[in-house]
Amino acid sequence: MILAGDIGGTKTILAVYGRQDNVWACIKKHSYANADFAEFDELLDDFLEQSHAKLLQGICLGVAGPVINGRCQTTNLPWLLEQASIARKFGVNNVALLNDLEATAWGILGLADDQLVELNPQAVANNQGHMAVIAAGTGLGEAIIFQDGNRYQVIAGEGGHTDFGPNSDQEIALLTCLRKKYPDHVSYERLVSGEGLYNIYQFLKASGEGRETDAFNHQLDLHDPAAVIGRAGVMQENELSIKAVNLFCKIYGAEASNLALKCLPYGGMYLAGGIASKLLPSLQQGGFMEGFLAKGRYRSVLQNIPVKVCLNNECALEGALAFARQKLLG
């Protein structure tokens with residue numbers, strides 16, 4: 001049996017898989033709210049008690065944060081995960097901690113075409129080319145999938161924490177506004193994430209771009225603000241939300257092309273994470289590709305890169321399973 005996991009900034013999905021007739025099938029899967037647990041071990045113990053998992057052959061966990069020497073202090077959680085302690089806890093030698101976007105990248109390699117939506121239909125993928133993955137959710141993750149001539153390999157990174165670079169007078173004003181909130185560093189994650197969408201919304205409201213009704217403000221107080229704004233923007237129900245989602249998509253596209261210029265992923269640029277699938281109608285309206293292609297002389301280069309939205313919200317979990325099967329168990 002294999003234990004696979006996707007440990008995000010807000011929720012964790014764990015699953016146990018067993019081999020049946022030479023096919024790996026899910027035996028038990030559960031999703032947890034991370035805020036309910038002080039540390040990861042508590043969550044893991046709860047899952048294993050429920051799943052009755054025994055005789056694990058391998059464990060692979062994708063986790064939102066940098067993994068250094070088998071150890072991860074999560075970026076948006078007060079959790080510490082250590083590969084060695086997990087191995088000792090379960091008496092399993094085959095244990096791997098992956099950055100969550102590294103796990104997502106392994107999952108991307110196994111996606112079927114019906115789990116993807118193309119945003120740049122004129123581009124034709126090069127099946128031998130590199131690929132890149134960018135995923136906005138609680139945070140902003142990035143990874144590169146490179147072709148070494150024989151097979152694909154994955155490079156984990158923390159590109160979402162690079163400096164935000166404004167591309168218009170409005171975005172310069174947005175950066176100036178956010179420097180008051182984050183005086184040490186304004187990264188792309190502060191704009192291209194759930195928190196980022198709310199930051200953009202608040203900036204537009206303060207700039208007088210629209211009025212907020214009492215009823216809508218009440219919804220922001222009751223629920224996750226990013227989810228409320230995103231839903232209203234997609235459904236064209238609130239002026240400020242529409243403008244916030246449109247600006248979000250444009251900045252998302254700009255950072256995706258920043259990543260693309262660093263690795264020229266003619267095999268495809270993939271948008272994963274929960275936000276992309278939820279904002280798909282807005283992404284398809286053109287603002288994302290406008291931001292993606294706005295690179296001056298290199299517009300013609302970027303026009304040839306396929307850009308696909310991943311509709312599978314368990315891509316990182318499936319990627320952790322794929323890595324365990326291929327790299328841990330061989």
Exercise for review: State plainly whether one hydrophobic cluster holds both Leu61 and Trp106, where clusters connect Ile, Leu, Val, Met, Phe, Trp and Tyr through side-chain heavy atoms under 4.5 angstrom apart.
Suggested key: no
Exercise for review: Spell out, as yes or no, whether a donor-acceptor pair under 3.5 Å connects the side chain of Ser168 to the backbone of Glu171.
Suggested key: yes
Point to revise | Residue among Leu302, Leu283, Asn120 satisfying side chain to side chain contact (heavy atoms under 4.5 Å, CB included) with Met289 | key: Asn120
Review point. Pairs in or reaching into residues 275-285: which pass side chain to side chain donor-acceptor pair (under 3.5 Å), with residues at least two apart or in two chains?
Key: Ser277-Asn313
Study note, to complete from the structure: The complete set of salt bridge (charged side-chain N to carboxylate O under 4.0 Å, His left out) pairs with one or both residues in residues 197-207, sequence neighbours excluded, reads Lys205-Glu212
Check your understanding: Are Ile27 and Val92 in one and the same hydrophobic cluster, where Ile, Leu, Val, Met, Phe, Trp and Tyr link if side-chain heavy atoms are under 4.5 Å apart?
Key -> yes
Practice item. If the plane angle is over 60° it's perpendicular, under 30° parallel, otherwise tilted; pick one for Trp79 and Phe40. Key: tilted
Check your understanding: Who are the side-chain contact (heavy atoms from CB on, under 4.5 Å) partners of Ala112, not counting sequence neighbours?
Key -> Asp114, Gln115
Review point. In Å, rounded to the nearest 0.5 Å, how long is the span from CD1 of Ile59 to NZ of Lys89?
Key: 10.0 Å
Check your understanding: Nearest 0.5 Å, what's the CG-CG distance between Leu279 and Leu271?
Key -> 10.5 Å
Review point. Just how far is it from atom CD1 of Ile145 to atom OH of Tyr152, taken to the nearest 0.5 Å?
Key: 8.0 Å
Study note, to complete from the structure: CG (Asn93) and CG (Leu56) are apart, to the nearest 0.5 Å, by 12.5 Å
Practice item. Any chance you could measure Asn199, atom CG, to Leu174, atom CG, to the nearest 0.5 Å? Key: 8.0 Å
Point to revise | Closest approach of Ile275 to Gly137 (non-hydrogen atoms, all atoms of both residues) | key: CD1-O, 3.7 Å
Exercise for review: Using atom types as modelled and distance alone, determine if a side-chain donor or acceptor of Lys295 lies under 3.5 Å from a backbone N or O of Ala254.
Suggested key: yes
Review point. When rounded to the nearest 0.5 angstrom, what distance separates CD in Gln170 from CG in Leu175?
Key: 12.5 Å
Check your understanding: What is the minimum heavy-atom distance between Glu255 and Thr162, and which atoms define it?
Key -> OE2-OG1, 3.8 Å
Check your understanding: Would Ile155 and Val67 show up in the same hydrophobic cluster when neighbours are defined by side-chain heavy atoms closer than 4.5 Å?
Key -> no
Point to revise | Passing candidate, ring pair (Phe, Tyr, Trp, His ring centres under 6.0 Å) with Phe164, options Tyr252, Tyr182, Tyr188 | key: Tyr188
Review point. Are any of the side-chain nitrogens in Arg190 or Asp163 under 4.0 Å away from the carboxylate oxygens of its partner?
Key: no
Check your understanding: Is a side-chain N or O of His130 found less than 3.5 angstrom from the main chain of Leu264, in a donor-acceptor match?
Key -> no
Practice item. For Ser257 and Phe292, indicate whether the former's side chain and the latter's backbone hold a donor-acceptor pair under 3.5 Å. Key: yes
Review point. In terms of hydrophobic clustering (I, L, V, M, F, W, Y; side-chain heavy atoms under 4.5 Å; direct or indirect links), are Val192 and Tyr201 co-clustered?
Key: yes
Point to revise | Joint hydrophobic cluster, Met269 plus Phe248, side-chain heavy atoms closer than 4.5 Å | key: yes
Practice item. State plainly whether the residues Glu239 and Arg211 are in salt-bridge range, i.e. N to O under 4.0 Å. Key: no
Exercise for review: Answer yes or no: is there a donor N or O on one side and an acceptor on the other, between the side chain of Glu118 and the main chain of Val307, under 3.5 Å?
Suggested key: yes
Review point. How would you list all residue pairs meeting salt bridge (charged side-chain N to carboxylate O under 4.0 Å, His left out) that involve residues 58-81, not counting sequence neighbours?
Key: Arg71-Glu82
Review point. Can Gln50 and Asp46 be counted as having a side-chain donor-acceptor contact under 3.5 angstrom?
Key: yes
Study note, to complete from the structure: Residues pairing under salt bridge (charged side-chain N to carboxylate O under 4.0 Å, His left out) where one sits in residues 137-160, two or more places apart or in two chains, turn out to be none
Practice item. Kindly say whether Met1 contributes a backbone atom to a donor-acceptor pair with the side chain of Gln57 at under 3.5 angstrom? Key: yes
Check your understanding: According to the interplanar angle, ranging from 0 to 90°, do the rings of Tyr32 and Phe37 count as parallel (below 30°), tilted (30 to 60°) or perpendicular (above 60°)?
Key -> perpendicular
Check your understanding: So, the side chain of Asn246 versus the backbone of Ile242: is there a donor-acceptor pair under 3.5 Å, distance only?
Key -> yes
Check your understanding: Does the Lys29 side chain pair with the main chain of Val16, one donor and one acceptor, at a distance under 3.5 Å?
Key -> no
Practice item. Could you tell me whether a side-chain N or O of Gln147 sits under 3.5 Å from a main-chain N or O of Asn150, the two making a donor and an acceptor? Key: yes
Exercise for review: Taking all non-hydrogen atoms of both residues into account, name the closest pair between Val245 and Gly233 and its distance.
Suggested key: CG2-CA, 3.9 Å
All N/O donor-acceptor pairs, side-chain side in residues 318-330, below 3.5 Å, sequence neighbours left out:
| residue | atom | partner | partner atom | Å |
| --- | --- | --- | --- | --- |
| Glu318 | OE1 | Asn312 | ND2 | 3.2 |
| Glu318 | OE2 | Asn312 | ND2 | 3.3 |

Point to revise | Asn34 versus Lys11, side-chain donor and acceptor atoms under 3.5 Å | key: no
Point to revise | Criterion salt bridge (Lys or Arg N to Asp or Glu O under 4.0 Å) on Arg231 and Asp224, from CA distance to verdict | key: CA-CA 11 Å; Arg231 188 182 309 109; Asp224 173 21; over 6 Å; no
